Engineer: 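The structure that follows is given in the form of structure tokens.
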Amino acid sequence: MNSNAQKTSLGSILVVDDTPENLRLLSTMLSQRGYTPRCVINGQMALRACNSNPPDLILLDIMMPEMNGYEVCKNLKNDAITRDIPVIFISAKDELFDKVNAFAVGGVDYISKPFQFEEVLVRIESHLTLRKLQKQLREQNILLQEEISNRLAVEEILQEKNQILQQEISSRRAIEKAIQEQNILLQKEIGNRQRVESALLKSNQELARSNAELEQFAYVPSHDLQAPLATIASYAQLLEKRYKDQLDSQANKFIGNIVQGCTRMQALIDDLLEYSRVGRSHKPFKPTNCNQVVEQAMANLQAVIRDTKAVISSSQLPVVTGDMSQLVQLFQNLVGNAIKYRQDAPPAVSISACKQQETWLFSVSDNGIGIAPQHQERIFQIFQRLHTQKEYSGTGIGLAICQKIVERHGGRIWVESEPGKGSTFHFTLNENSINL
Ligand code: ADP
């Protein structure tokens, strides 16, 4: 068979018949009609031929020696390679032909001899078409299955992606919700802060106004009180001097109380005046050597230092820009308190300063009675005292003056202390203090 014949062939037909006459006839006719016939004369040969090169269709004689057509067909149907080849049985007229058996063993059709060749051709053609269609169907089925499984795989991937997307969406929603909640809280917080800020601003303004009023209030009457107070004190002293012998001891004690009260009131007035003077001062700031400031303060405290045998030590101190007399007052009040609030041992006070960027941190430490933590803030407020006059005399204005001086110089003041273990008052002064 040449390649041309193969190309134009309508199909390969294996003709199995033990009668050479039949074989020749069928072979010739099939060739003439464009088929490619192959002829074998018994069942064994048919099986071999089908196995080595499966034909498109088999015309199978039933009555053959050794292996009849039914057996050949059964064998073909049992083999995966040959199972799908359509088998058309050919039966002789006088043969006892069992049609039911022919279909039962897997035949697709039968032709009885003598046959009309046209009929044979029609049957061959229709079975070949059927076979072709079946084949196409199978192939399409396979493609379809592949397509389905591909689509299923894609669908699965899509579902997975969808799930991930859903998770992503829900986690984004959760984040969005959390952000929204945070935003609401933040808005609230901002609102609160704004309210607090404006309240703070208001109270600051109020404080500044009442401070100014207080200074004014403190200054004017304090100043005016001095003269009548001096009159009372001097007349009480005159009474004591002139009439001491004419009065009984109780009257003398009363006069003593008046003098004592006047002295205390004088101290209060002096301190109040001092307090109001800090805010009223308009002296320009100058470079001020703190060593000289401390020296001056110590000179002012000379008597009490001598009386209490206090030891005051000071490290090298810097030059700052400020009001000399106010800085003297500051150190004097702090060292004065360090001596006043002493324990049994002689007071030991040390003064030092260390640089912190643009700021100088000053420290005044003592070995005195110390201050409990709950009082450490309020002692800087005016008239806040922790002791009675009998225990320690004072007006409760000294530290308020210190705070005012430090703040006027752009710094801040605080205390670190432990009861019974002494106190350290810290304050900061800017290297280039601005005249506030
Ligand atoms: P005053 O000394 O006139 O009472 P201050 O304003 O100077 O007023 O001090 C307020 C209070 O702070 C004092 O009554 C005292 O209890 C406490 N205090 C101040 N300095 C010291 C110190 N160095 N050690 C212990 N307590 C102190």
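Just so you know, ligand 1 is whichever comes first in the structure, and atom 1 is the first atom listed for that ligand. The structure presented is a predicted model; accordingly, all values stated were derived computationally and were not measured.
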Engineer: Looking only at heavy atoms of Phe380, does any of them come nearer than 4.0 Å to an atom of ligand 1?
Structural biologist: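 The answer is no: ligand 1 sits nowhere under 4.0 Å from a heavy atom of Phe380.
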
Engineer: Numbering the atoms of ligand 1 from 1, which are under 4.0 Å from a heavy atom of Gly394?
Structural biologist: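 Under 4.0 Å from Gly394, ligand 1 has these atoms: 3 (O).
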
Engineer: Check the pair Arg277 / Glu274 against salt bridge (Lys or Arg N to Asp or Glu O under 4.0 Å), numbers first and verdict last.
Structural biologist: CA-CA 5 Å; Arg277 241 177 247 133; Glu274 195 52 55; 3.3 Å; yes

Engineer: Looking only at non-hydrogen atoms, find the nearest pair between Tyr341 and Ser393 and report the distance.
Structural biologist: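 Of all heavy-atom pairs spanning Tyr341 and Ser393, the closest is OH-O, 4.5 Å.
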
Engineer: If you have a sec, work out which protein heavy atom is nearest atom 7 (O) of ligand 1 and how many Å separate them, to one decimal?
Structural biologist: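 Atom 7 (O) of ligand 1 sits closest to the protein heavy atom Asn337 ND2, 2.8 Å.
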
Engineer: List the closest protein heavy-atom neighbour of atom 8 (O) of ligand 1: residue, atom name, distance to the nearest 0.1 Å.
Structural biologist: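 Closest protein heavy atom to atom 8 (O) of ligand 1: Gly396 CA, 3.2 Å.
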
Engineer: For atom 12 (O) of ligand 1, what's the nearest protein heavy-atom neighbour? Residue, atom name and distance, please.
Structural biologist: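 In this structure, atom 12 (O) of ligand 1 has Ile379 CG2, 3.4 Å as its nearest protein heavy atom.
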
Engineer: Heavy-atom contacts under 4.0 Å between Asp366 and ligand 1: side chain, backbone, both, or neither?
Structural biologist: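 Contact part for Asp366 vs ligand 1: side chain (C-beta onward).
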
Engineer: For Val120, is there any backbone N or O sitting under 3.5 Å from a side-chain donor or acceptor partner on Arg123?
Structural biologist: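 No, because the side chain of Arg123 does not come within donor-acceptor range (under 3.5 Å) of the backbone of Val120.
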
Engineer: Which atoms from ligand 1 have a heavy atom of Leu399 less than 4.0 Å away?
Structural biologist: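 With Leu399 as reference, the close atoms of ligand 1 come out as 5 (P), 6 (O), 7 (O), 9 (O), 10 (C), 12 (O), 19 (C).
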
Engineer: Among protein heavy atoms, which lies nearest atom 26 (N) of ligand 1, and at what distance?
Structural biologist: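 It is Ile371 CG1, 3.4 Å.
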
Engineer: Using a strict 4.0 Å cut-off to heavy atoms of Ile397, name the atoms of ligand 1 that fall inside it.
Structural biologist: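 Contacts of ligand 1 toward Ile397, numbered from 1: 6 (O), 8 (O).
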
Engineer: What is the minimum heavy-atom distance between Phe331 and Ile351, and which atoms define it?
Structural biologist: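 Distance-wise, the nearest heavy atoms are CE2-CG2, 3.7 Å.
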
Engineer: Looking only at distance, does Ile369 have an N or O less than 3.5 Å from an N or O of ligand 1?
Structural biologist: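 Such a contact does not occur with ligand 1.
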
Engineer: So, 4.0 Å and heavy atoms of His375: is ligand 1 close enough to count as a contact?
Structural biologist: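 It does not; every heavy atom stays at 4.0 Å or beyond.
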
Engineer: Answer yes or no: is there a side-chain heavy-atom contact under 4.5 Å between Leu317 and Ser315?
Structural biologist: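 In short, these two side chains touch, coming nearer than 4.5 Å.
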
Engineer: How far is atom 4 (O) of ligand 1 from its nearest protein heavy atom, and which residue and atom is that?
Structural biologist: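 The closest one turns out to be Arg385 NE, 2.5 Å.
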
Engineer: Any salt bridge between Glu176 and Arg173, counting N to O under 4.0 Å?
Structural biologist: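 Between Arg173 and Glu176 there is no salt bridge, as every charged N stays at least 4.0 Å from the carboxylate O atoms.
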
Engineer: Determine, considering heavy atoms only, which of Tyr392, Tyr341, Phe383 sits nearest to atom 15 (C) of ligand 1.
Structural biologist: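 Checking each option, the heavy atom nearest atom 15 (C) of ligand 1 is found in Tyr341.
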
Engineer: Between Lys135 and Glu139, does any NZ, NE, NH1 or NH2 come within less than 4.0 Å of an OD or OE carboxylate oxygen?
Structural biologist: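 Salt bridge: no.
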
Engineer: For ligand 1, which atoms sit closer than 4.0 Å to a heavy atom of Lys340?
Structural biologist: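 With Lys340 as reference, the close atoms of ligand 1 come out as 1 (P), 2 (O), 3 (O).
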
Engineer: Between CD1 of Ile85 and CG of Leu76, what distance do you get to the nearest 0.5 Å?
Structural biologist: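 Answer rounded to 0.5 Å: 6.5 Å.
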
Engineer: Give the numbers and elements of all ligand 1 atoms closer than 4.0 Å to a heavy atom of Gly398.
Structural biologist: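 The atoms of ligand 1 under 4.0 Å from a heavy atom of Gly398 are 5 (P), 6 (O), 7 (O).
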
Engineer: With heavy atoms of Ala338 as the reference, note each atom of ligand 1 found under 4.0 Å away.
Structural biologist: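 Atoms satisfying the 4.0 Å criterion: 23 (N).
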
Engineer: Using a 4.0 Å cut-off to any heavy atom of Gln384, which atoms of ligand 1 qualify?
Structural biologist: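 That gives atoms 10 (C), 11 (C) of ligand 1.
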
Engineer: May I have the step-by-step check of ring pair (Phe, Tyr, Trp, His ring centres under 6.0 Å) for His409 and Phe427, ending in yes or no?
Structural biologist: CA-CA 11 Å; His409 284 73; Phe427 60 91; 9.6 Å; no

Engineer: Does the N or O separation between Ser393 and ligand 1 drop below 3.5 Å for any pair?
Structural biologist: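 No, since none of the N or O atoms of Ser393 sits under 3.5 Å from an N or O of ligand 1.
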
Engineer: Is Glu206 paired with Lys202 through a side-chain N to carboxylate O contact shorter than 4.0 Å?
Structural biologist: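 No, no charged N to carboxylate O under 4.0 Å.
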
Engineer: Are Ser12 and Thr36 linked by a side-chain donor-acceptor pair shorter than 3.5 Å?
Structural biologist: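 Distance-only check fails for Ser12 and Thr36.
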
Engineer: In this structure, does ligand 1 have an atom that sits under 4.0 Å from one of the heavy atoms of Ser423?
Structural biologist: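 In this structure, Ser423 qualifies as a contact of ligand 1 - some heavy atom is under 4.0 Å.
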
Engineer: Just so I know, are the side chains of Phe362 and Cys290 near enough to count as touching, which here means a heavy-atom distance under 4.5 Å?
Structural biologist: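 Yes; the side chains approach each other to less than 4.5 Å.
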
